[in-house]
Amino acid sequence: MRRTWQGSAGAVTVECRGGSISLEGAQPNSGWSIEIDRSGPEEVQVDFESNDGDRRTRVQAECVGGTPRFEVDTGD
């Protein structure tokens, strides 16, 4: 199953195949950059940072019952 998270920082698309997760794509919005920390198979983690360095968003995903589950930390 494939799912996409979208937020002010950008988008992350992941896919679960059985118990494994893989990063299918990550795209920052204008004014943001990304760093891919983990791309699977147990977890995906993508960090977004605003170009001015003032804002950060971490998107993590894992497979739960064959379905991607996202957890997002905006640093608030």
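Note that this is a predicted model, so its numbers are computed, not measured. No hydrogens, no waters, no symmetry mates; every other heavy atom, side chains included, goes into these values.
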**Item:** Set of residues satisfying side chain to side chain donor-acceptor pair (under 3.5 Å) with respect to Glu71, sequence neighbours excluded
**Value:** none
**Message:** Quick check: do Thr57 and Val72 have side-chain heavy atoms less than 4.5 Å from each other?
**Reply:** yes
**Request:** Quick one: sort the Phe48 and Trp5 rings into parallel, tilted or perpendicular, breaks at 30° and 60°.
**Result:** tilted
**Prompt:** Regarding Thr13 and Arg3, is there a side-chain donor-to-acceptor distance under 3.5 Å anywhere?
**Reply:** no
**Close side-chain approach of Asp47 and Ile34, heavy atoms under 4.5 Å** = no
**Prompt:** Do you know which two heavy atoms are closest between Pro68 and Met1, and how far apart they sit?
**Reply:** CG-O, 3.6 Å
**Message:** How long is the straight-line distance from CD of Gln6 back to CZ of Phe70, given to the nearest 0.5 Å?
**Reply:** 10.0 Å
**Asked** Given side chains that start at C-beta, do those of Leu23 and Val12 come closer than 4.5 Å, heavy atoms only?
**Response** yes
**Fill in**
Closest heavy-atom pair, Gly10 versus Asn29, reported as atoms and distance to 0.1 Å, is N-ND2, 3.3 Å
**Message:** Quick check: closest heavy atoms across Val44 and Ser39, and the distance to 0.1 Å?
**Reply:** CG2-C, 3.9 Å
**Message:** Run Arg56 and Ser50 through side-chain hydrogen bond (donor to acceptor under 3.5 Å, both in side chains) and show every step you take.
**Reply:** CA-CA 6 Å; Arg56 290 182 175 78; Ser50 63; over 6 Å; no
**Prompt:** Got a salt bridge between Arg2 and Glu24, using NZ or NE/NH1/NH2 to carboxylate O under 4.0 Å?
**Reply:** yes
**Where at least one partner belongs to residues 2-67, residue pairs that pass disulfide (SG to SG under 2.5 Å), sequence neighbours excluded** = Cys16-Cys63
**Item:** Euclidean distance, Ile21 CD1 relative to Gln60 CD, rounded to 0.5 Å
**Value:** 10.5 Å
**Asked** What is the minimum heavy-atom distance between Arg69 and Val64, and which atoms define it?
**Response** NH2-CG1, 3.3 Å
**Asked** Considering residues at least two apart in sequence or located in another chain, which fulfil the side chain to side chain donor-acceptor pair (under 3.5 Å) criterion with Ser33?
**Response** none
**Item:** N-O pairing of Glu43 and Arg58 below 4.0 Å
**Value:** no
